[in-house]
A.B. asks: 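Dumping the structure here so I can ask a few things about it.
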Amino acid sequence: MRGTPRTRRIPRPALGVLIGVTALFTAGTLATPAGAAPEPGPSTARVHSVPASAQQQARDFWTPERMRSAVPLDHLDADARSTDAAPRAGRPATVAPTVPTAGTADVGPAAFPNGGGAWTGGGAVVNTAGRVFFTYQGRTASCSGNAVTSANKSTVITAGHCVKLEGAWHTDWVFVPGYHDGQAPHGRWTATKTLSTPQWTASEDINYDVGAAVVAPLDGQRLTDVVGGQGLAFNTGYNLRMYAFGFPAAAPYDGQKFIYCSGTTNRDFLLSNDHGMGCDMTGGSSGGPWFTQFNEATGTGLQSSVNSFKYNFLPNRMYGPYFGADAQNLYQAAQSS
C-alpha cells in the first residue's frame, strides 16, 4: 500500500538538510526557444513579496562566516506529503540558455553515469548555479539554486521547501551564484519575491516541490546579465539522460564544493511521480538544477527538475519533481514579476 515506505529530503544534521522541491524561473526575452510561449493552465503560483528594508538586511546578514556555518535544511517525509495525482501535463516547451560565449569551452569529458563527485570541468554551470541561504525558524540554513533565462533577467529556480516550509516563508533569502569556500564571486543577490506552486504552498505536496525567487539588481546590474541563464524544458517525459548539480552540506560533504551526478533517470514507482537518479548528494543540495540536453563542453543545458528528496532506504538515489504545467506556471509568474 502506498504510504508505508519512509522518505527523507536528504540527511539531516543538527537542523537537518533539505534537498527539496524547487521552482524555476527564466529571464530575458524568451530567446524564441521552441515552445516557450506562456502556456500555463488555470493554476496560479503563490508569491511572497519581500520589503526593501528586509532585502538590505539579508544582504548584510550573510557574511562569509555565516555562509560557511549555515546548515542544510531538513528533509521532508514524502509519505506524509505526497498524493496520487500526477502533475498536470502540457505540450513540451523549451527556453534556450542565455550565457556568455567567452570562458565556457574549457570543459573536459565527465563520467556518465556518475553517482556523485566534484564538477571540475567548468563551463557556464559554475556561474549560474549557486548556494541559497536563508533563515528558517530562527536558524541559518542553506539549499542550492540556479539562474535561468527569463524576461526579468532576475529569476532563480530552486525547490519549494527552499522558499517555504511548514507554513512559513523563509526570511533573509539570498542567492550566491558561483559560491565556493565562503566566497561570493558574483555577489549576494537578495530576493524581492519568493514563489512556489499552489500545491506546495497549500499542502507541501512532494510532487510539486518547486520554488523560485526574483532577485533585486546588484550594483546596477541584473542577475543573468552577470552570470548568464540556463534554459528550461517542460513536459519532457521520463527515462532521460540528465545531470544534477548542487552544494551538498551534510556529511560526507561540507557545502563548500560544487558536486554533480549524472545518469539515465526513471519514474518513481513508490510515493511520487518524480524523476529518480543514482546520486549520493546530501542535504543542502536541495533545489540544485537537473538538466536535460546538458552540453559538457559549454556547461549549458535545459533545466527540467531540481533536487528534492531521498528515501531513507535508498540513500544513493535522488528524486526531483516533474516539470509539468504547474512548474511552467511558476516560471511564467516568476519571470513576469
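Heavy atoms only: backbone and side chains are in, while hydrogens, waters and symmetry mates are out.
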A.B. asks: Evaluate side-chain contact (heavy atoms from CB on, under 4.5 Å) for Lys153 paired with Gln335, printing each intermediate quantity in order.
C.D. replies: CA-CA 8 Å; Lys153 298 186 176 183; Gln335 72 158 350; over 6 Å; no
A.B. asks: The criterion is side chain to side chain donor-acceptor pair (under 3.5 Å); which residues satisfy it with Ser262, sequence neighbours excluded?
C.D. replies: none
A.B. asks: So, do Pro177 and Asn127 sit near enough that their side-chain heavy atoms are less than 4.5 Å apart?
C.D. replies: no
A.B. asks: Do we see a donor-acceptor contact under 3.5 Å between the side chains of Thr197 and Asp326?
C.D. replies: no
A.B. asks: How about Thr140 and Phe61: do any of their side-chain heavy atoms sit closer than 4.5 Å?
C.D. replies: yes
A.B. asks: Do Leu218 and Val50 land in one hydrophobic cluster if side-chain heavy atoms of ILVMFWY residues count as linked below 4.5 Å?
C.D. replies: no
A.B. asks: Quick check: does any side chain N or O of Trp173 sit under 3.5 Å from a backbone N or O of Cys162, one acting as donor and the other as acceptor?
C.D. replies: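 At least one qualifying donor-acceptor pair exists.
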A.B. asks: Apply ring-ring contact (aromatic ring centres under 6.0 Å, His included) to Phe112 and list each qualifying residue two or more places apart in sequence or on a separate chain.
C.D. replies: Tyr243
A.B. asks: Mind checking whether Leu302 and Met277 sit in one hydrophobic cluster, side chains of I, L, V, M, F, W, Y counted as touching below 4.5 Å?
C.D. replies: no
A.B. asks: Got Phe175 and Arg188 here, is their nearest side-chain heavy-atom distance under 4.5 Å?
C.D. replies: no
A.B. asks: Would you compute the distance between atom NZ of Lys164 and atom OG1 of Thr194 and round it to the nearest 0.5 angstrom?
C.D. replies: 10.0 Å
A.B. asks: Tell me whether the guanidinium CZ or amine NZ of Arg66 lies under 6.0 angstrom from the six-membered ring centre of Phe133 and within 45° of its axis.
C.D. replies: no
A.B. asks: Are Val176 and Val125 joined in one hydrophobic group, where the rule is that I, L, V, M, F, W and Y side chains link up if heavy atoms are under 4.5 Å apart?
C.D. replies: yes
A.B. asks: Taking the side chain from Gln230 and the backbone from Gly301, do they hold a donor-acceptor pair closer than 3.5 Å?
C.D. replies: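 Yes, Gln230 side chain to Gly301 backbone: donor-acceptor pair under 3.5 Å.
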A.B. asks: Taking all heavy atoms of Thr224 and all of Ala147, pick out the closest pair and write down the distance.
C.D. replies: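 Taking Thr224 first and Ala147 second, the nearest heavy atoms are CG2-CB, 4.3 Å.
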A.B. asks: For residues His275 and Tyr322, establish whether the separation of their ring centroids is below 6.0 Å.
C.D. replies: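 Yes; Tyr322 has its ring centre under 6.0 Å from that of His275.
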A.B. asks: Rounded to the nearest 0.5 Å, how far apart are CD of Gln303 and CZ of Phe291?
C.D. replies: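 Those atoms lie 5.5 Å apart.
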A.B. asks: Please list all pairs passing the disulfide bond (SG atoms under 2.5 Å apart) test where one or both residues lie in residues 255-294, with sequence neighbours left out.
C.D. replies: Cys261-Cys279
A.B. asks: Does the side-chain contact (heavy atoms from CB on, under 4.5 Å) test come out yes or no for Asp274 and Phe309, once each step is laid out?
C.D. replies: CA-CA 10 Å; Asp274 286 13; Phe309 76 91; 3.2 Å; yes
A.B. asks: Compute whether any side-chain donor of one residue and acceptor of the other, for Arg91 and Asn235, lie under 3.5 angstrom apart.
C.D. replies: no
A.B. asks: So, for Tyr253 and Phe247, is the gap between ring centers shorter than 6.0 Å?
C.D. replies: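 No, too far apart.
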A.B. asks: Just do the ring-ring contact (aromatic ring centres under 6.0 Å, His included) check on Trp119 and Phe294 with the steps written out, would you?
C.D. replies: CA-CA 13 Å; Trp119 177 254; Phe294 185 74; 5.8 Å; yes
A.B. asks: Treat each ILVMFWY residue as a node, draw an edge where side-chain heavy atoms are under 4.5 Å apart, and state whether Trp169 and Trp200 are in one component.
C.D. replies: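 Trp169 clusters together with Trp200.
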A.B. asks: Is it the case that the side chains of Arg59 and Thr190 hold a donor-acceptor pair, with the cut-off being a distance below 3.5 Å and no angle test?
C.D. replies: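 Checked: Thr190/Arg59 side chains pair up, N/O donor to acceptor below 3.5 Å.
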A.B. asks: Has the side chain of Lys257 got a donor or acceptor atom that lies under 3.5 Å from a matching backbone atom of Asp181?
C.D. replies: no
A.B. asks: Testing the 3.5 Å rule here: is there a donor-acceptor pair between the side chains of Asp268 and Tyr311?
C.D. replies: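 On atom types as modelled, these side chains qualify, holding a pair under 3.5 Å.
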A.B. asks: Donor-acceptor pair, distance only, cut-off 3.5 Å: does the side chain of Asn114 make one with the backbone of Tyr260?
C.D. replies: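 Flag set: sc Asn114 to bb Tyr260 pair under 3.5 Å.
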A.B. asks: Go through the structure and list residues passing side chain to side chain donor-acceptor pair (under 3.5 Å) with Ser304, not counting sequence neighbours.
C.D. replies: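 Partners of Ser304 under the side chain to side chain donor-acceptor pair (under 3.5 Å) test: Thr292.
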A.B. asks: Going through the checks in order, is the side-chain hydrogen bond (donor to acceptor under 3.5 Å, both in side chains) test met by Arg222 and Asn152?
C.D. replies: CA-CA 8 Å; Arg222 290 185 287 182; Asn152 58 16; over 6 Å; no
A.B. asks: Going only through I, L, V, M, F, W and Y residues with side-chain contacts under 4.5 Å, is there a path from Leu165 to Phe134?
C.D. replies: yes
A.B. asks: Going through the distances and angles, do Val226 and Trp189 end up as a side-chain contact (heavy atoms from CB on, under 4.5 Å)?
C.D. replies: CA-CA 11 Å; Val226 175; Trp189 299 76; 3.9 Å; yes
A.B. asks: When you check the side-chain N and O atoms of Ser142 and Arg131, is any donor under 3.5 Å from an acceptor?
C.D. replies: yes
A.B. asks: Would you give the length of the straight line joining atom SG of Cys143 to atom OH of Tyr136, rounded to the nearest 0.5 angstrom?
C.D. replies: 11.0 Å
A.B. asks: Please check: side-chain N/O of Ser144 versus main-chain N/O of Gly288, any donor-acceptor pairing under 3.5 Å?
C.D. replies: no
A.B. asks: Please answer whether the main-chain N or O of Pro321 pairs with a side-chain N or O of Ser305 as donor and acceptor at a distance below 3.5 Å.
C.D. replies: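 Side chain of Ser305 to backbone of Pro321, a donor-acceptor pair under 3.5 Å: yes, one is there.
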A.B. asks: May I ask you to decide if Phe234's main-chain N or O and Gln328's side chain share a donor-acceptor pair within less than 3.5 Å?
C.D. replies: no
A.B. asks: Taking all non-hydrogen atoms of both residues into account, name the closest pair between Asn239 and Asn266 and its distance.
C.D. replies: OD1-CA, 3.5 Å
A.B. asks: Which atoms form the tightest heavy-atom contact between Met281 and Ser285, and what is the distance?
C.D. replies: CB-OG, 3.7 Å
A.B. asks: Determine whether a donor-acceptor pair (N or O, by modelled atom type, separation under 3.5 Å) exists between the side chain of Asn295 and the backbone of Gly299.
C.D. replies: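 Looks like no, no N/O pair under 3.5 Å.
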A.B. asks: Which residues satisfy the side chain to side chain donor-acceptor pair (under 3.5 Å) test with Asp172, sequence neighbours excluded?
C.D. replies: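 Applying side chain to side chain donor-acceptor pair (under 3.5 Å) to Asp172 gives Gln57, Thr135.
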A.B. asks: Tell me the closest heavy-atom pair linking Ser337 and Leu195, and the distance in Å.
C.D. replies: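 Looking at all heavy atoms of both residues, the closest pair is OG-CD2, 4.4 Å.
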A.B. asks: Using modelled atom types only, decide if a donor and an acceptor are shared between the side chain of Thr265 and the backbone of Leu240 within a distance under 3.5 Å.
C.D. replies: yes
A.B. asks: Could you measure the distance from the CE atom of Met242 to the CE atom of Met318? Nearest 0.5 Å is fine.
C.D. replies: 12.0 Å
A.B. asks: Go through the steps for Phe245 and Trp290 under the test side-chain contact (heavy atoms from CB on, under 4.5 Å), then give the verdict.
C.D. replies: CA-CA 7 Å; Phe245 292 85; Trp290 290 34; over 6 Å; no
A.B. asks: The criterion is side chain to side chain donor-acceptor pair (under 3.5 Å); which residues satisfy it with Gln256, sequence neighbours excluded?
C.D. replies: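 For Gln256 the side chain to side chain donor-acceptor pair (under 3.5 Å) partners, ignoring immediate neighbours, are Tyr179.
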A.B. asks: Write down the atom of Val132, the atom of Gly145, and the distance for their closest heavy-atom approach.
C.D. replies: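 Where Val132 meets Gly145 most closely, the heavy atoms are CG2-N, 3.9 Å.
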A.B. asks: For Pro64 versus Gly182, what's the shortest heavy-atom pair and its separation?
C.D. replies: CB-O, 3.5 Å
